[in-house]
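These notes concern the structure reproduced below.
We use all heavy atoms of the structure for the numbers below, so side chains are in, but hydrogens, waters and symmetry mates are not. Reminder, nothing fancy here: chain letters follow the sequence lines and each chain counts from 1.
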Amino acid sequence: MLYTEKVMDHFMNPRNVGEIENADGVGEVGNVKCGDIMRIYIKVDGDQIVDVKFKTFGCGSAIAASSVATELIMGKTIDEALALTNKQVIDELGGLPPVKVHCSVLAEQALKAAIYDYATKNALTFKGLEGYDPDEDHHDHDVVDIEF
Amino acid sequence: MLYTEKVMDHFMNPRNVGEIENADGVGEVGNVKCGDIMRIYIKVDGDQIVDVKFKTFGCGSAIAASSVATELIMGKTIDEALALTNKQVIDELGGLPPVKVHCSVLAEQALKAAIYDYATKNALTFKGLEGYDPDEDHHDHDVVDIEF
Amino acid sequence: MKQIYLDYSATTPVKREVIDTMLPFFTEVYGNASSIHSFGQEAKTVLEQSRKSIAETINATPDTFYFTGGGSESDNWALKGVMRANRKKGNHLITSKIEHHGILHTCTALEKEGFEVTYLDVDAEGMISLEALEAAITDQTVLISIMFINNEIGTMQPVKAIGEIAHKHGVLFHTDAVQAYGNVKIDVNAMNIDLMSVSGHKIYGPKGIGGLYIKKGIRIQNIIEGGAQERNRRAGTENIPGIVGFAKAAVMADEALESHREKLIYLRDKLANGIMATIPYAKYNGHPTERHPGNVNICFEFIEGEALLLSLNAKGIAGSSGSACTSGSLDPSHVLLAIGLPHEIAHGSLRLSIGDFTTEEDVDYTIESLKEIVQKLRLMSPLYDKVLKEGK
Amino acid sequence: MKQIYLDYSATTPVKREVIDTMLPFFTEVYGNASSIHSFGQEAKTVLEQSRKSIAETINATPDTFYFTGGGSESDNWALKGVMRANRKKGNHLITSKIEHHGILHTCTALEKEGFEVTYLDVDAEGMISLEALEAAITDQTVLISIMFINNEIGTMQPVKAIGEIAHKHGVLFHTDAVQAYGNVKIDVNAMNIDLMSVSGHKIYGPKGIGGLYIKKGIRIQNIIEGGAQERNRRAGTENIPGIVGFAKAAVMADEALESHREKLIYLRDKLANGIMATIPYAKYNGHPTERHPGNVNICFEFIEGEALLLSLNAKGIAGSSGSACTSGSLDPSHVLLAIGLPHEIAHGSLRLSIGDFTTEEDVDYTIESLKEIVQKLRLMSPLYDKVLKEGK
Ligand SMILES: Cc1ncc(COP(=O)(O)O)c(C=O)c1O
Ligand SMILES: Cc1ncc(COP(=O)(O)O)c(C=O)c1O
C-alpha cells in the first residue's frame, strides 16, 4: 500500500480535528496552489499546550501528519513542542513515501507558526523559535507525474 | 505456412532430379554466394525435349521451382520450352512468397541456359533465345533479415 | 467488502474470452513468428490474422497496422518517427495543451532536438479551436497531433474536421486514440487520419501491447531498430499472446460497440447527475455531449483529490484524480489548468470511469459514499470555513 | 507426428508455473500500478517485488532494473540513450561484428546521427580480441557494447575482462545478455557490467517483456517518453502480467541454473558429437568450450540451410538457420561471415538449440533424421558432384 496502516488510521480517524474558539495561537502554512493548507490552533496554559486542533486541506498524508503532530504535542510544554521535528512525525506515522515527506515538514511548520503567533501576541520569546521565518516556503515536492 | 502444398510437394518429392549422361544441353545459373545454383540437363530429339533433369543447390522454393520447370517442359518442343515464363512456374506452384519469386526466374533462366548450350553446340538459332545473354545476373532478392 | 472498479480509463480487466484466446499461445503455439518451422509459421498465421482483424475495425488495410509495446510507444514513434523522417519538409509540429504525457513529453524531447512545437489552447470544455489550429499551420508544419478523446475529462475532439484542415494544408494528422478506440467507431479513411495510436489494455485486452496505424506512403523513422519484424519498422520478437488478445478484444469491442456505448452513457449520466444533484460546490468538467461514454470528471471545492481517492478506496471504490498530490507534483493536472480551472479547484478533481462490468448498484453506492466523504473532508478543510460561517 | 522443438534460442514455451503466476493479474489484480486505489497498489506491490526478484538474480539493487517491451527495446535504449546523453563526453561507440541486429541496426541509426562506431572483428570461433578492443578506445569513446553470448553460434565473450578494460579507460560497458541470462550466472558487479539487456521469452517467460539493467549514476536519455513509470525513464502502463511472469521465470531459471546447464550441456554435446560423427563435410561453429549450454551450430557443405530446415520440419523437428534464403537476403548471416566462413558454406548452416523440455530421444531422432536429410539434399546438389565423382 502507498501508506502505512498508521497513516491510514490517522487519515481515516484523524485526532483533534476542528477549531479552538479564542485560541491562544493559530498558525497556517501552505497554499492552495500547491494543494496543501494546514492550520493549527493551540490553547496554552502557563507554558503548557492544553489543547490543540487542526484543519487541513490536503492529501491523505497531510491530514495524517496534522493529526499525529497534534497528538504528539498535546499536553507538552511549548519548548517540548518546538522541539518536534518532521522526522518524529514521520516515525510516528511509521514512515511516509519520499514524495510525501513535505507533509511532515508542513506539520512541523504549522505548529511553529501557531506558537510564533502565540509568542508574538504575548511578546514572548522562545529559544526554539530563533531564526524562525514565518514567510519561508517549506515546499519541497519532487516533480513526478503519471496519467492514464 | 510459408509455402503452398504444391511447393512442399515438389520440394519433398522433386521430379526429374539427377543428371543426364551425355546431355544435349546443360545450363547452370546462380552462384554459391547468393545461395542458389540450378543446373538443368536436356536431351533433345528433333525439336523435342525428350528428357530433362536437374540438380539444385538452394532453398525449398528453388528446388520446387526446378522440379516444376522440368515437369512443365518434359516432352515439349524447344520453342514451347523457351516460351516458359517464371510466371507459369509460380502459377504451377500455386504461388511463391514475394522474396522467393527470384527462384522461379532462376528456373526459367536455367532452362534457357540449357537450350542455349544445346543451340550453341549444334549451331542452331531459336527465336526464343533472341537477346538472351547467358552472363546476365538474374538475382533480385529483397533484403530482409530477422534473427533471434 | 465489495470492490467497485471505476477506473476503466486507467486500465481494464482482461475479458475471459480474451484470455482464453491467448492461452494456447503461451504453451502450445509458442514459436517465433519469424521462424520457418511449423511452430513459427502457425504463430505467423495468427499474427497476420490478428493484424487483419484489428485493421478491419478501423477500416484500414492490414499492411497499415503495426504492433507496438503500448500506447506510449505508439505516441513516441508517431511523433519522433514522422518529425525526424521529414526534416526536409519542415520542423514544426502542432499539438494541444491537453494531450497525454506520451505526446507532451515527446514534444519536449523533440524541442530539444530542434523542432518547434505549437501547443494549442482549449476552451473551458476542453475543445481545441479549429480556427486557431488552421492559423497555427505554417509552411514548416509537418504534423498535427491531437488526441481523439482526452483521458481525464473525456472531451472528444472533432477529429474528422482536424484531419480535413491538415490535409487541406498538406500536413499529416496523428491522433492519440488510446481512449477512443473501442468506445467510439473509428474509420481512419473517413476521418482523415494518417497515423493513430491505440493500446490493448484500455479495451479489455492485455497490457504491454499497442498499435500504430500508419497510412501507406508516410515517411517515418523507426524508434526500435533490429530484426525485420513488422515489415522492418518495429524490431522485437512478436508478442503473439499479446497480439492475439489485443485482436480478440478489439473485435469484441467493435462488435458490441453500440450496446457498450448505450450502457456506459446511461450509467455515466446517472452517476454524474446523481453526484451533481446531491453534492454542492461541485463542477462537472469536460464537454456535456462530445465526451467519452464512460467518463465522469468532477471537481469538489475545498478538498483535495488524493484524500478523496483514499476515502473512496476505504469504501471499496476505485477512482482516479488529476490531483497533483497523487503524484507528488506541485501543480494539478495540466488538463484541468488548461480548461481554466484555478489551482485550488483543480486540486479537488475526481475521475470516475465506467466500463462493461459496472452495475447500476455500483453507481448508486458511489453517489451515496461520495456524498458522505466529501462532507467529512470539507469539515476538515480550512477552506470550507467561509462557507460554514458565511453560508458563502 | 511427434514435434521436436530445437529452437529455444529463438523463443521458449512459457512454463506452466509462469503462466499460473501471471493469470490472476489479467482478471483480478488488473489495476494500473500507478493508481492509488487497492487494485493499483496491489499491482504496484507485485511490480516492485518482481523487480527485486530479478535484480537479485544478477546481484543488482532493484532501483537499477527497468522493465521494457523486450530485448530489442533494451538494446536500442542502452545504445541510443547513453550515446545521446553523453555527447559532451564523446561520440564514439565500440561494438562487434557479430552483435544481434538490435545492436547493429541501432549502431547504423546512431551513425546517421553523427556518432562513430567501431565494429570489432572476431576470430574463427567468434571471440573478440581484448587487445583490439583496448586499441580501439579513443578519448571520444563513451560506450562499449559487446554481447554476452552470441545467438547464432553460441560463443560467450570474456565479459568480465571487457568490463575491466572499459573501466580502466573510463568507458561504459553494455552487454546484450538476451541469450546469456538464465543460461549462465551473471553478476553485474563482479562482471563490471554497467548496462545489460535481457528478455523474458528466452527464459520460459512471456514475450513482449524485457529489461535493462542501468547501473546507478549513468546518464541515459529515454527513448519512450510519457508517464513517470519506471522512475520516469520508460513510459507506458506497466505490463504487470508480463512482469510477474518474467520475474517468475527469472527466479526459476536462477534456482535451477546448475541442473539446467548440466542437462543442456550433456544433450548439446551428445547432439553435436552425434552429428559430427555421422555426417561428413560438416563444420561445428562457435567456441568449443566457451559457449551457450544449449547451442549447436553446424554448417553442412553443398546444401542450403532453408532446404535443410524445411526437410527437418517435415520430420517434426524445429530448427533455425543463419541462412540468407530463410530471410530473402542475398548474404548469409553476418555472424557466419564474420567468423570467416565462405559464402557457400555459410549458406548451409543449421542452429539447433536445446532447452529444458528436450529429451535424449529427441536428440537421437534428430541425429538420425538429419543424416538422411543431408544425404538426400546433397544428392540433389550440383556442388556435391565433385565429391561423388572425385571422392574429393
Ligand atoms: C542476442 C539477442 N539480442 C536481442 C534479441 C532481441 O530480443 P527481443 O526479441 O526480446 O526483442 C535477441 C532475440 O531475439 C537476441 O538473441
Ligand atoms: C490518451 C492516452 N494516451 C496514451 C496512453 C498511454 O498508453 P499505454 O499506457 O498503453 O502506454 C494513455 C494511457 O495510459 C492514454 O490515456
Side-chain angles (χ1 to χ4, degrees), chain C residues 3 5 7 10-14 16 19 23 26-27 30-32 34-40 68-73 75-76 100-102 105-106 108-109 199 201 206-209 222-228 235-242 306 309-310 312-313 317-320 326-327, chain D residues 3 5 7 10-14 16 19 23 26-27 30-32 34-40 68-73 75-76 100-102 105-106 108-109 199 201 206-209 222-228 235-242 306 309-310 312-313 317-320 326-327:
Chain C
Q3 295 286 319
Y5 188 72
D7 204 9
T11 194
T12 54
V14 179
R16 193 67 247 170
I19 302 201
L23 281 176
F26 287 112
T27 44
Y30 52 83
N32 189 313
S34 304
S35 301
I36 74 166
H37 48 63
S38 312
F39 296 86
T68 68
S72 301
E73 184 191 325
D75 282 349
N76 275 257
H100 189 269
H101 282 152
H105 289 173
T106 301
T108 316
S199 184
H201 72 96
K207 295 177 171 63
I209 186 79
N222 296 349
I223 61 169
I224 301 183
E225 338 259 353
T237 301
E238 298 91 342
N239 175 2
I240 302 291
E306 192 222 71
L309 289 189
L310 286 175
L312 280 170
N313 190 49
I317 302 167
S320 134
T326 50
S327 62
Chain D
Q3 295 287 319
Y5 187 72
D7 204 10
T11 194
T12 54
V14 179
R16 192 69 247 168
I19 301 201
L23 281 176
F26 288 113
T27 47
Y30 53 81
N32 189 311
S34 304
S35 300
I36 73 168
H37 47 64
S38 313
F39 296 86
T68 68
S72 302
E73 184 191 326
D75 282 348
N76 275 256
H100 189 268
H101 282 151
H105 290 173
T106 301
T108 316
S199 183
H201 72 95
K207 295 176 169 66
I209 187 79
N222 296 349
I223 61 167
I224 300 183
E225 338 259 353
T237 301
E238 298 90 342
N239 175 3
I240 301 293
E306 192 220 72
L309 289 187
L310 287 174
L312 281 168
N313 190 51
I317 301 166
S320 136
T326 51
S327 61

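A pairwise comparison of heavy atoms in C/Ser35 and D/Ala10 identifies OG-CB, 4.2 Å as the closest pair. Minimum interatomic distance between C/Thr27 and D/Val14 (heavy atoms only, all atoms of both residues): CG2-O, 3.3 Å. Nearest approach of C/Gly319 to D/His37, heavy atoms of both residues: O-CD2, 3.2 Å. D/Glu225 and C/Ala109 make their closest contact through OE2-CB, 3.3 Å (heavy atoms, listed as atom of the first residue, atom of the second, distance).
By the 30° and 60° cut-offs, the orientation of the rings of C/Phe26 relative to D/Phe26 is tilted.
A donor-acceptor pair under 3.5 Å is formed between the side chain of C/His105 and the backbone N or O of D/Gly226.
Put simply, of C/Gly69, C/Gly242, C/Ala235, C/Gly70, the one with the most heavy-atom pairs under 4.5 Å next to chain D is C/Ala235. Contact count versus chain D (heavy atoms, under 4.5 Å) is highest, among C/Ile224, C/Thr68, C/Asp75, C/Asn222, for C/Ile224. Between chain C and the residues D/Thr108, D/Leu312, D/Ile19, the largest count of heavy-atom pairs under 4.5 Å involves D/Ile19.
Heavy atoms of D/Thr12 lying under 4.5 Å from chain C belong exclusively to its backbone.
Taking the side chain to side chain contact (heavy atoms under 4.5 Å, CB included) definition, one finds that D/Ser199 meets it with D/Val178, D/His201, D/Lys202, sequence neighbours left out. The side chain to side chain contact (heavy atoms under 4.5 Å, CB included) check on C/Asn239 picks up C/Ile209, C/Pro241, D/Lys207, with sequence neighbours excluded.
Distance CG/D/Asp7 to CG/C/Asn32: 7.0 Å, rounded to 0.5 Å. For the atom pair D/Ile36 CD1 and C/Leu310 CG, the distance stands at 4.0 Å (nearest 0.5 Å).
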